[in-house]
There are 2 protein chains.
Amino acid sequence: MSPLVKIRSERDQMSAVERRIADFILENAQLLRDYSSQQLANALGISQSSVVKFTQKLGFKGYPDLKYSVGEAIARADNGDATQVATQATAAFAESASASLWHCKSESEEETRHINTTETLQAVADALATAGANGKVFMIGLGDDDIYARSFALRLSLLGIPSVHNFDAPRMAASVSAAGAGDVLLVFSEHGNHPALCKIGRFFRERRGRLITVTRHTSNPLRALADLALLVSAHDDRPYIQPVLYQSALQHLLDGVFVQLCEGDEQRHVQLLANLERVQHMLEP
Amino acid sequence: MSPLVKIRSERDQMSAVERRIADFILENAQLLRDYSSQQLANALGISQSSVVKFTQKLGFKGYPDLKYSVGEAIARADNGDATQVATQATAAFAESASASLWHCKSESEEETRHINTTETLQAVADALATAGANGKVFMIGLGDDDIYARSFALRLSLLGIPSVHNFDAPRMAASVSAAGAGDVLLVFSEHGNHPALCKIGRFFRERRGRLITVTRHTSNPLRALADLALLVSAHDDRPYIQPVLYQSALQHLLDGVFVQLCEGDEQRHVQLLANLERVQHMLEP
DNA sequence: TCGATTGAAGCATAAATTATTGACCGTCGA
DNA sequence: TCGACGGTCAATAATTTATGCTTCAATCGA
């Protein structure tokens with residue numbers, strides 16, 4: 001039972017001094033944190049031993065025990081009331097920018113998680129795994145999109161799925177000419193309407209490869225070509241925030257695929273561990 | 001902030017004994033109620049004073065203060081035991097992988113936000129802005145770290161702060177030889193102990209440039225050299241999750257700097273808009 | 001490689017907090 | 001009136017916490 005409720009319920013059967021202690025605690029529970037038994041006694045003009053006896057009578061092991069319990073009770077109680085208001089106020093001042101940024105990002109990530117079904121993620125993971133084992137994985141992105149492609153390619157390589165990575169369209173067209181059935185091409189393109197990329201996509205499909213696109217959640221020509229389409233949702237009125245959100249939502253999406261790949265196959269998992277160590281050794285002699 | 005999160009976030013920076021204390025508290029927070037500092041010390045086979053010093057280092061008034069805080073945190077956490085069980089169960093079934101991933105990421109991001117003060121972020125933003133206007137910005141990262149460097153460099157360039165970006169140490173050494181006072185070198189290095197990067201950092205400082213490092217929240221030689229150090233906190237037992245968390249926390253940190261840069265100066269803001277449009281036109285004719 | 005320096009950990013101990021003891025006082029019922 | 005009783009307090013014992021000092025080990029620079 002909450003110590004405060006207990007104190008209140010026994011208050012009637014208490015002596016005068018005890019009742020004063022009880023009242024003080026009930027009214028100033030939050031002050032208790034900084035009060036020793038002696039200080040509490042001083043505040044009430046009574047002896048410290050009375051305070052201790054009071055706590056023991058109530059069934060606590062001693063003063064610190066009561067104090068601890070009251071702390072818990074307060075924490076439980078204002079979980080979502082006063083504290084939160086205070087916290088919000090503080091937050092508004094101290095970390096306005098970063099906290100609100102965090103909030104936007106979370107929102108985008110959640111939306112993105114929502115519009116990509118688990119099945120799609122799984123299908124993408126499977127396609128990559130298969131192509132990694134029996135064929136090739138191609139990957140391309142232009143400009144900013146190259147960053148995501150690059151980072152994902154690095155991750156895949158740790159899993160034993162190396163990829164052919166290009167960051168301009170003409171070279172990619174050349175690379176893709178070597179593609180065959182079962183291969184996978186992953187195209188990153190935020191707006192999905194770059195003609196060269198579409199051309200490469202079509203070319204790749206003609207060669208019976210599976211095309212996976214990663215674009216915004218709009219209808220766009222690139223996505224229309226895809227066997228599997230990963231979609232990213234990210235919106236903000238402030239134009240400088242938008243790319244931040246896009247990137248973080250995209251990253252989150254790719255993280256999901258990566259995790260599914262890791263957890264899907266024990267052997268890949270083992271390989272990852274080995275690779276991680278290897279990389280670490282090479283980079284930090 | 002919750003004392004447990006705090007402990008966790010500073011765990012890396014701790015000595016062996018301190019880390020054992022931290023782990024014990026994290027794993028047995030609920031036992032703390034019945035432990036005096038001496039008992040805790042005995043349980044770990046260390047001295048009582050180490051426990052007290054541990055608490056003080058973390059910013060608590062002393063052992064009882066830490067204990068009280070932990071009590072509050074626990075109380076807040078399992079506010080309504082039933083609810084929590086239900087929540088956990090739901091989570092485990094419905095959205096296990098992606099939601100738990102999201103949760104880990106959030107935690108890392110929060111920790112990371114916590115260990116980098118707003119002042120540091122602002123200082124970094126200012127340094128970059130100044131160097132962008134009157135000098136040069138250099139940027140380097142090896143391996144995975146290059147990804148983050150690259151993406152941040154792209155962002156900066158949109159703000160009218162182009163940077164000299166290298167992804168191997170020898171070339172960077174050459175580039176840096178052109179550095180002077182007021183220039184900025186941003187070094188990305190997860191573990192911060194790559195000798196070549198340290199050498200470049202020292203060299204750069206000799207030339208009176210300002211060194212900004214981005215590393216894990218450990219004490220590492222690179223960070224020790226820095227004028228300004230950005231720190232990333234990210235932990236998970238699963239080795240394949242760890243890099244995901246690192247990346248997302250780092251990204252979050254950089255997002256913070258980016259936003260501060262955007263919001264700090266109206267002119268930069270305008271330039272960003274213009275650049276965004278320009279890029280869009282070039283990429284998608 | 002060798003001091004010099006730094007920082008972590010423990011020991012001893014001081015300081016503080018808490019718990020107990022025993023004396024005193026007022027009340028109440030015999 | 002007197003003794004029993006409950007309540008309070010001052011004094012003090014016991015426990016717990018905090019700090020000064022020493023030692024040891026790792027790091028750094030010469």
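Protein chains get the first letters and strands the later ones, always in sequence-line order, with residue 1 at the start of each. Quick caveat: nothing in here was measured; it's all calculated off a predicted structure.
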Which pairs count as salt bridge (Lys or Arg N to Asp or Glu O under 4.0 Å) when at least one residue sits in [range], sequence neighbours excluded?
range	result
residues 200-213 of chain B	B/R205-B/D227
residues 39-49 of chain B	none
residues 43-57 of chain B	B/E18-B/K57

[X]: side-chain contact (heavy atoms from CB on, under 4.5 Å) partners, not counting sequence neighbours:
X	result
B/A169	B/A196, B/I200
A/Y68	A/E72, B/R33, B/K67
B/S248	B/K105, B/E109
B/S108	B/A234, B/L245, B/A249

Ring geometry between A/Y35 and A/F24 (parallel below 30°, tilted from 30 to 60°, perpendicular above 60°):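 Tilted, since the angle between the ring planes falls between 30° and 60°.
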Rounding to an integer number of Å, can you tell me how far [X] [atom1] sits from [N] [atom2]?
X	N	atom1	atom2	value
A/Y35	C/dT18	OH	C1'	18 Å
A/L66	C/dT17	CG	C1'	15 Å
A/D65	D/dT15	CG	P	17 Å
A/Y68	D/dT17	OH	P	13 Å
A/L32	C/dT17	CG	P	14 Å
B/K67	D/dT16	NZ	P	9 Å
B/I21	C/dG10	CD1	C1'	12 Å
B/L40	C/dG10	CG	P	12 Å

Terminal axes of the helix from C/dT1-D/dA30 to C/dA30-D/dT1 (five pairs each): angle between them, nearest 10 degrees: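 Comparing the axis at each end, I get an angle of 10°.
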Which heavy atom of B/Y63 sits nearest a heavy atom of B/T55, and at what distance?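 For B/Y63 versus B/T55, the nearest heavy atoms are N-OG1, 3.5 Å.
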Quick note, side-chain hydrogen bond (donor to acceptor under 3.5 Å, both in side chains) partners involving residues 20-30 of chain B, not counting sequence neighbours, are B/R11-B/D23
Give every residue pair that meets the side-chain hydrogen bond (donor to acceptor under 3.5 Å, both in side chains) criterion with at least one member in residues 173-187 of chain B, sequence neighbours excluded.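 Qualifying pairs: B/N166-B/S175.
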Review item, nucleotides 27-30 of chain D N/O atoms under 3.5 Å of protein N/O:
none

Strictly below 4.0 Å, heavy-atom distances to any atom of DNA chain C: list the hits from residues 46-63 of chain A, or just say none. A/Q48, A/S49, A/V52, A/K53, A/Q56, A/K61, A/G62, A/Y63
